[in-house]
Every structure is written in C-alpha cells, then in structure tokens.
Protein chains: 2
Amino acid sequence: MTIRTVADDAGVSIATVSRVLAGAETVDPALRRAVQVSVRKLGYSRNTIASALRSSKTRTIGMVLPEIANPFNTDLVQEVEDALHARGFQLLLCNAHQDVEREREALQSLLGQQVDGLIVSPVDATGSMEAVQAAARARPLVQVDQRIEGLDADWVGVDDERGIRQVLEHLVEQGVKSVGFIGARETDSSGAARHQAFRRLCRHFDLSFSENWIMLGEYSASFGRSATASMAEQGTLPDALVCGADIIAIGVLQTCHRSGIAVPKDLQVTGFDDIEFADLCTPRLTTVRQPLEAMARQAVRLLLEDGDEASVRLALAPEMTLRESTGKPAS
Amino acid sequence: MTIRTVADDAGVSIATVSRVLAGAETVDPALRRAVQVSVRKLGYSRNTIASALRSSKTRTIGMVLPEIANPFNTDLVQEVEDALHARGFQLLLCNAHQDVEREREALQSLLGQQVDGLIVSPVDATGSMEAVQAAARARPLVQVDQRIEGLDADWVGVDDERGIRQVLEHLVEQGVKSVGFIGARETDSSGAARHQAFRRLCRHFDLSFSENWIMLGEYSASFGRSATASMAEQGTLPDALVCGADIIAIGVLQTCHRSGIAVPKDLQVTGFDDIEFADLCTPRLTTVRQPLEAMARQAVRLLLEDGDEASVRLALAPEMTLRESTGKPAS
DNA sequence: CTGAAAGCGCTAACAT
DNA sequence: ATGTTAGCGCTTTCAG
C-alpha cells in the first residue's frame, strides 16, 4: 500500500496526501479530512525509507556506546531514547564492545543508514580519534560521558572534578584523614579525570594517600573486589576508599563484607554515578549522582540545534547522595 | 558521494559497482579490484536508504520492550543485539514505558521504517493483543519473554514451571516446610505463569502456604520491600519466600536486613532471572538463571528462518544457581 | 560479463 | 489550493 492507494481512495492527488501527511497548512479542510479518513480506514503508514531517500532526512539518530552491559550506559540509553522520542526521533543503537574496530564499523554503518546525527561515548580517549573524527566530518556528532582528547566536537558530561571535590569534602567532614582511590584506567576519559582530580584535591584538602592505595583497572565489580583484596593483603587500609564508579564500589563492598571489614566503621566507601544498585546494595552506597536526564537532553539539543560554531563542552554539576557507606544511619 | 562517483572513478558502470558491493560472483576480477580500490580511496559507503527502497530489505530488526529500565530487559537487548549483529542486522530499539498506547505507536513507527522483522516483549498479556496482532500480519514477528494469551505468533522464553519446580525442589531439600510468593501481576504473562506454577507445585511438594503469604505487584525492588514489610507486620513469616523476579527479591532482602530478619537463617529467599546484581547483593541471591543468550539466538533464528508454518512456542530450560540466600556458605 | 534503463515510494518544485 | 512531474541512489531486469 502506497500514498497512491490513499490518494485514489480519497479522490485526490498523491501530492495532497503527502501534504496532509506532512501536516501542511495549505490544504483545504475538506480534503484534509478525506485523506485522514482514508489513511485510517486503510491502516496506511508512510514509508519512511522512501521519504528519507527523497528528503534526505531520516529523523533517526545513531548512538554508539563502549559497552551496553554497563548499567551506567544503560541508564544513559534510556534517557537519550526519551529525549529523542520527545522530539520525534528514533534511536539506532550500537554496541562497540570496548573495541575500537567495532566502534569504527558501527559508525560507518550508521552513516550508511543516513542517520541525521550521532551520539557517541568513545571507547578510548585516544584510540577512537580517527573513526569518530571521520564520522564527525560527515554528520553532526556529540560526545556524551566519555570524550576524546583533542577532538573538535561537542561533549556533554559531568563535572568530574566537582564530583570528586564533593566526595572529599564530605569525607573530611566525616573525620577521614587518609584515602585511597580505585578507578578506571587512563583510556577511560572520565576515569582519568576523576583520578587526576583525586590526586590534586587530596593535597588541597590535606588528605594523605600513598601509591599503594591507588589502583586503576576496568569498570567492573570484580575489579573492585580484587583491588580491595590485594590492598588489604598489602597492609593497612586508609580511612576511606573513593571509587571512580559505583560498580567498582560495589565490588569493594563485597570484599569488605567477606573479609570482615566493617563499612563505614572501619572503612568508608564512596562511588560515582548513582546507578540503581547504589541504593540496593548493603550497606547502601554514598555516591555522586550524574545528571543523566539533563545530559541526554543537552546532548540532543546540541545535536539538533547547534549551529556549526566552535565546539561546546558542557560539564554539568553532579549532586552528592549520602548513604550508609559513609555513615548515614540506615533508614 | 554516490555509486556514480565510484563508477566514474573506476571507469565502470554503476551496475558493476552495485554488483561488487553486493558481492556478486559474476564480475571480472580486474574490474572488481578496480571498484574496491576506488571505494577505499574515496571512503565511499553505500546509501542503505536507497538500497532499502529499491530492494525492500532494510537488514534492520525492530524491538519493542515494555520497559528498558528493567535490568532483565537490558540484558535481553544486549543478547539480541549480539545475535543480530552476528547475522549482519541492525537493531532499532523502542521503549513502550509499560504503556499499551506507546507500544502501538512504536510498532507502527517501526513498520513505517520497513524493518525486516519485529521482536516484541508485550506490555500486557491481553491489552497488547490488537497492536501486536496487526504488526504480526504486516511482518515476521516473534515474542520474547512476555507473551500474549492466544496470539498466533512465535514465542521464545523460559520454562517458568520448570524454573519454579527447581526452586521448590531445592527449598524442600533445605528443609523448608512453608513458603510464600511475591511476584508480578497477572498482566505480566511470565509473572502469571510463575505464580500459577507456584500454587500447583506447592501442593505437589506438600509445602504449606497461606493467601497472606502471596503478594502480587509490580516488577521492582520497592514492591519487594513493601510487600515483605507488610507481610512481616501481619504475623509470622513462612520458612522461605519465592520471588517472581530478582529485582523483587532484592527488595525483600533489603527489608529483611533493616528489620533484623536473618537470611537465610530465619527466612530463605529465592529470585528469578539471575541478573548481574543477584551475585552482588548481600546475601548473594539463589535464583533461576534464564538462558538469555539462547533465547536471543532462537528468537532471531525464528524471525529470519522460520517459514510461515504454525507458530512456534519455545520454552527453554532454566538453570538453578545456588547462593547464600538459601544457605550456601559465602565463598 | 557488462551496461542501459526502469522504477522502488515519496517530496518539492513548478504549473495551473 | 491542487495537481503534475522530476528525481533521491540504488538494484535488477534485459540486451548486447
């Protein structure tokens, strides 16, 4: 069934049908009604492919994530989907599986599908440069969460330094004197930013830390478990452990539970992100909430509205969420 | 840049370029090479939209989920995406937000985009009938996880009865005499199946339960928390609580923790799904693992390979995962 | 084995 | 305000 079927049924030309479908004002109300009746009667739905080919507008946005399995990224997808839906756009989702080559393929495939824009959270702060840069030349592109060092493209994320500052301020108030950091490797741009902010701000707040108390690895609970276990074996622990991500912090809590380290009494623990499970684990996790909904909305706004001025960097303010792992009484 | 650009560069006709791009065997090796060189040199990528319009094949599959926020559905998306990717298909994802009307819109929109097939986990065991049936008439469609009562369309999911049987057998071995059930409402088809299996099999295993120990609600941790709290207030608890989903069981564990009910000593708790967090909560949760990877693979197979024979119902066998919440010692 | 040419269903001039 | 028509970029007969 095509626009022709509808036109014949309604007794008008295909142009008129097309106009009604597009919501044009310049159509006689009587004809408009006739077309709408036919459309409903026949159960017609417009062929988006043909429309896209002709108008070169697909109303579809491609999104490439480093790894869908991460709960944080999942939350991000959800918010982006909502923000796009609100503007009548579809989401085409790809998973790079932490692999720069698959990321390149995904980008290429999305371009072939003529997406109107791309939202990307790059796999690697440096290794993703080439493919993402090429994509950015072909279409509007905005980076979300992760970013590429030195790439001239918009970015929306959280203010990592401010988040870490809030964590450390809170720990100082809690009487903490010494701290450690468990986070993501340097290829993870936000992990790197948090790590660097941690080092800088520890000096600022006069908190002591040793290199033994700093461990970088992957974004996973198992890394949090093993890092904590090896830290505990090596000797004394700091008063608090700051984690670069909730999923890592949850691993830390598990090892503490199994090793009889009482949280928060013996050791305070903080996360970053505020994923759903931060409120479901035991003890519940003090963490830094990322403004995901705002991030998604801004990313979509930049993608669809931004003229091609200089590239924008939006570091949104996070919000501290206090829970049991730093001493808030269980409710 | 179009196929024409490449054809001119390689000194052949657009038909030859199209053939090379399609991987046709009937092309002179020399010309093939020339085209491939030009394609690479120019960085050309084929316009999928035009290709789709002409061939009416998009190599895209639409998926509609009742709620992306559910971790179980997220896991499902991931597996489906992988299974599709392995066959060279793209995923177009829509979230129905538990709303039958939005589900209908999503289906309609996906059909307009000429997807080659649909994978749907219906919002409501009865209310989703009309929209899903209409979609199934237009394109190949397979249901995954949730299903619609009486709809003539393929379905792939888990064998709920078998899962519940495994749970109850295990509990009997653990010396449990009385049990309760906290699960999803009847509009959730797998929730309903588990609930019914629970009632039937309790008799079979001679386990006692009272209506006070059965609560049905939504698929969330907060429902698990409140259900447990109100059950505890009402009087004595059973020896074990069987939950229709991990996310509900996690809420149960939280209320137990806060109310001083020791799990598994005072009360054993089981989940269903085996989401990632079942292994990260405290105590770790005994649950029924859904064979998600196989489900996704089979769903995709049915979608792409199944002739239009009678509709298939594939109830895959789940696997019991024993953990601390029913007495396995912490490792 | 290769090329010319006819559309796929729609939109957007342009003409009426 | 409505209709006619020329493509969008590609695939696929059909000739050669």
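The structure displayed is predicted, hence computed values, not measured ones. Chain identifiers are assigned alphabetically (A, B, ...) following the order of the sequence lines, protein sequences preceding nucleic acid strands; residue numbering begins at 1 within each chain.
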If you compare every side-chain N and O of B:Ser13 against the phosphate oxygens of C:dG3 (OP1, OP2), does one of them come in below 4.0 Å?
yes

If the threshold is 4.0 Å, N to carboxylate O, is there a salt bridge linking B:Arg4 and B:Asp8?
yes

Rounded to whole Å, the CZ-C1' distance (A:Arg46 to C:dA12) equals 13 Å

Classify B:Ser18 by what it touches in the nucleic acid, base, sugar-phosphate, or nothing, heavy-atom distance under 4.0 Å.
base

Take A:Arg87 and A:Glu305, measure what salt bridge (Lys or Arg N to Asp or Glu O under 4.0 Å) needs, and give me the verdict at the end.
CA-CA 12 Å; A:Arg87 288 170 176 253; A:Glu305 296 175 6; 2.8 Å; yes

Any chance CD of A:Gln36 has more than 12 other-residue heavy atoms, nucleotides or ligands included, within less than 6.0 Å?
yes

Between A:Ala52 and B:Thr16, which residue's closest nucleotide on DNA chain C lies nearer the 5′ terminus?
B:Thr16

Rounded to whole angstroms, how far apart are CZ on B:Arg4 and C1' on D:dC10?
12 Å

Any idea which of D:dT4, C:dG9, C:dT2 is nearest the A:Ala15 side chain?
D:dT4

Expressed as a whole number of angstroms, how long is the span from A:Glu25:CD to D:dT2:P?
13 Å

Side chains of B:Asp82 and A:His97: do they bring a donor and an acceptor to under 3.5 Å?
yes

Rounded to whole Å, CZ of A:Arg54 lies from C1' of D:dG9 at a distance of 12 Å

Protein-nucleotide distance (B:Ile3, atom CD1; C:dA4, atom P), rounded to Å
14 Å

Kindly point out which of C:dC8, D:dC8, D:dT2 is positioned nearest to the side chain of A:Asp28?
D:dT2

Might you work through the salt bridge (Lys or Arg N to Asp or Glu O under 4.0 Å) test for A:Asp116 and A:Arg59, ending with a clear yes or no?
CA-CA 6 Å; A:Asp116 292 339; A:Arg59 296 196 74 77; over 6 Å; no

Measure the distance from CZ on B:Arg19 to C1' on D:dT12 and round it to the nearest whole Å.
8 Å

Atom CD1 of A:Ile49 to atom C1' of D:dC8: distance rounded to whole Å?
13 Å

On the nucleotide C:dA12, are OP1 or OP2 found under 4.0 Å from the side-chain N or O atoms that A:Ser55 carries?
no

Nearest whole angstrom, please: distance from the P of C:dA4 to the CD1 of B:Ile14.
9 Å

Using a cut-off of less than 4.0 Å, is there contact between a side-chain N or O of A:Thr26 and OP1 or OP2 of D:dA1?
no

